[in-house]
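Here is the structure we will look at, set down as structure tokens.
Sequence lines set the chain letters: A, B, ... in the order given, protein chains first and strands last, and positions in each chain run from 1.
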Amino acid sequence: MTHLELSHIRKAFGAAVVVEDFNLAVNQGEFISFLGPSGCGKTTTLRMIAGFELPTAGTITIDGNDLTNTPPNKRNVGMVFQSYALFPNMTVAHNVGYGLKITSKSKAEIMQRVHEMLALIQMEEFAQRYPFQLSGGQQQRVALARALAIRPQLLLLDEPLSALDAKIRLELRHEIRRIQRQLGITTIYVTHDQEEALSLSDRIVVMSKGKIEQVGTPTEIYNAPATEFVARFVGHINLLPVTVLNPTDGVISLGRQTLRAGRFGKLNGRPVQLAVRPEEINLGAKPDTNTLSGEVESVTYLGSIVRIGLRIEHHPLSLDVFNEHTLKLPRIGETHTIHFPVNACWLIEKSD
Amino acid sequence: MKAQQINWWAIFWIVLAALYFLLPMYGTLDFSLRMERNTISLKAYEIVFADPRFWRGFQYSTLMALITIVVSIILFVPTVYWMYLKVPQARPIMEIITILPFVIPTIVYVFGLIRTFSRPPFQLTLHAFTTDMLIVAGYVVISMPFMFRAIDVGMRALDVRTLTEAAQSLGSNWFQVLVYVIVPNLRVAILSGALISFATVMGELILASFLVRPALAPYMALLGLTKAYEPAALAIISYALTWFSLGLLQIVSQGGTTRQLTGR
Ligand SMILES: Nc1ncnc2c1ncn2[C@@H]1O[C@H](COP(=O)(O)OP(=O)(O)OP(=O)(O)O)[C@@H](O)[C@H]1O
Ligand SMILES: [Mg+2]
């Protein structure tokens with residue numbers, strides 16, 4: 001069931017078009033991430049949903065009600081900011097209860113709700129503290145509780161974890177997802193961290209230069225990126241310029257070596273690239289796979305995996321192997337054979 | 001240790017500056033205590049405190065100062081807030097406008113006021129009450145550089161925009177944002193602006209004398225023309241008042257800064 005719908009949203013600041021033809025239908029209880037590089041319009045889109053910016057064109061509806069021109073204080077939409085934005089003059093309890101005080105709820109009801117919220121974020125004993133007496137992670141949890149206390153129809157988070165250090169970030173990431181599931185609240189989460197987007201979301205909206213590149217589940221985004229941009233932005237990928245030899249069964253050539261692509265759309269004669277993730281590639285030869293050979297250029301330890309860089313027909317290619325104790329690493333300068341399954345690679349049109 | 005070495009030049013300058021400020025003050029204090037021949041006495045102070053004109057001036061100036069402060073706050077807090085939120089590019093213009101009272105001599109300003117507002121259609125100087133309105137307006141302008149800067153500094157220490165948006169998304173309208181979120185966090189800034197404005201108004205001479213209102217400063221000036229010891233005593237009293245204000249300011253801002261800075 002569609003809960004939030006953005007249709008044909010466009011936003012221009014003067015002559016600069018920042019968001020263009022943005023269409024998205026979000027289901028009740030869904031966790032959606034906006035993922036994209038800096039300046040691609042994630043925050044601007046989120047702010048239009050919150051009501052802090054008016055779209056230049058297009059409509060925003062929640063449950064069929066047009067909210068496009070409703071002021072932010074009438075939208076009942078909870079917002080969490082990167083900088084926490086707790087009110088410095090109020091205690092944790094007053095921060096959390098603020099939205100309820102504004103809507104003139106009774107003292108007893110506010111107290112009850114504040115208590116409930118603080119229990120949800122496991123911070124009951126901090127009720128009387130001021131924001132400056134809390135760590136960043138605690139402040140952000142309070143900010144989350146404050147946003148949820150008003151029982152919003154929608155929860156919006158703009159890079160809520162990027163000001164925190166790595167360990168807390170991971171912890172809080174799980175906590176946000178747990179609370180979101182528990183309350184079943186429709187959530188939009190802005191991030192430029194692909195790992196966050198992949199691990200949290202029901203669906204990811206990948207954006208670039210104000211436009212949607214692809215909308216899909218984390219699996220779809222990672223395993224079947226629709227465009228070169230998505231393929232490059234999410235995870236690590238090898239893109240090899242290839243020539244199509246047979247458009248019906250996907251036979252292609254890379255220099256003098258011949259391969260087969262597992263997935264390919266209609267080939268319309270435009271230049272294409274073969275996409276394959278490093279973790280799909282293995283050392284050695286194997287029948288019924290794509291087999292290539294090239295010279296080892298680099299060997300990089302990344303902890304649990306080792307990334308090996310090769311040069312194949314003048315093109316760089318990397319492959320990942322698990323760092324097992326039996327692992328025998330190739331040496332730089334050696335020529336090695338590698339292989340990957342046919343159905344683990346696909347063709348992507350070259351973007352210009 | 002090098003850092004421990006005494007910097008004699010620094011001490012020399014400090015002592016020199018201290019003498020420059022403190023000697024005249026000591027002279028005034030000493031003089032104010034010598035009304036009675038060959039003894040130290042508070043006679044001059046007794047006379048001043050016994051003079052109903054002093055109390056009237058004090059009362060009048062205090063009242064005007066308080067009204068000025070209230071008007072300034074109501075005028076400047078929303079204005080500066082709006083500037084931060086909606087027209088940050090207007091800041092240079094605001095800076096120039098608010099510095100004008102320092103640039104234009106008060107006497108010029110007062111003549112402008114009188115020429116404009118004592119004639120038809122305004123004729124504000126016909127009645128005491130309307131003259132007081134005019135004088136408060138004048139005080140608001142004269143203390144504007146202090147008030148604006150104090151609020152500006154306070155506002156700069158806050159993330160005004162995000163706090164506003166957070167409050168709005170929780171259902172507050174503009175008025176509620178201002179009253180519940182912005183003003184409480186500007187408490188220290190507003191207080192310091194108020195105290196400086198207070199000191200300014202209490203010592204303001206030109207506006208009150210040309211508009212012929214019974215303020216404290218014209219009384220001091222008048223006394224200075226006719227008496228010797230009493231003006232010295234008055235000077236000490238007004239110093240004390242100013243320093244009391246500044247001390248209060250110091251205490252208030254110390255109590256608040258740690259919270260404001262880290263509570264961001
Ligand atoms: N008020 C504004 N006036 C003019 N341009 C703006 C305004 N707000 C945003 N922009 C521009 O719109 C573009 C998108 O900004 P936005 O903040 O939405 O990006 P973002 O995807 O959130 O990036 P980041 O990851 O850095 O936060 C940027 O080029 C930015 O300069
Ligand atoms: Mg952003």
task = Spell out the residues in residues 174-190 of chain A that have some non-hydrogen atom less than 4.5 Å away from a non-hydrogen atom of chain B, in order of number; otherwise answer 'none'.
result = none
message = For Phe122(B) and Phe117(B), take the angle between the two ring planes, folded into 0 to 90°, and tell me which bin it lands in: parallel under 30, tilted 30 to 60, perpendicular over 60.
response = tilted
inquiry  = Over 60° means perpendicular and under 30° means parallel, so tell me whether Phe58(B) and Phe54(B) are parallel, tilted or perpendicular.
reply    =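 If you compare the ring of Phe58(B) with that of Phe54(B), the planes turn out parallel.
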ask   = Could Glu109(A) and Lys101(A) be called an ion pair, given the rule that one side-chain N must be under 4.0 Å from one carboxylate O?
value = no
inquiry  = Given heavy-atom pairs under 4.5 angstrom as the criterion, report whether the side chain, backbone, both or neither of Arg47(A) touches chain B.
reply    =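 It is the side chain, since no backbone atom gets that close.
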message = Quick check against the 3.5 Å criterion: does Glu165(B) have a side-chain atom that pairs as donor or acceptor with the backbone of Val160(B)?
response =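 Not confirmed, Glu165(B) side chain does not pair with Val160(B) backbone.
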query = Should the pair Lys11(A) and Phe22(A) be classed as cation-pi, given the thresholds of under 6.0 Å to the six-membered ring centre and 45° from the axis?
reply = no
task = Please determine if Arg156(B) forms a cation-pi arrangement with Tyr84(B), meaning its NZ or CZ atom is less than 6.0 Å from the six-membered ring centre and no more than 45° off the ring axis.
result =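 No, a cation-pi geometry is absent between Arg156(B) and Tyr84(B).
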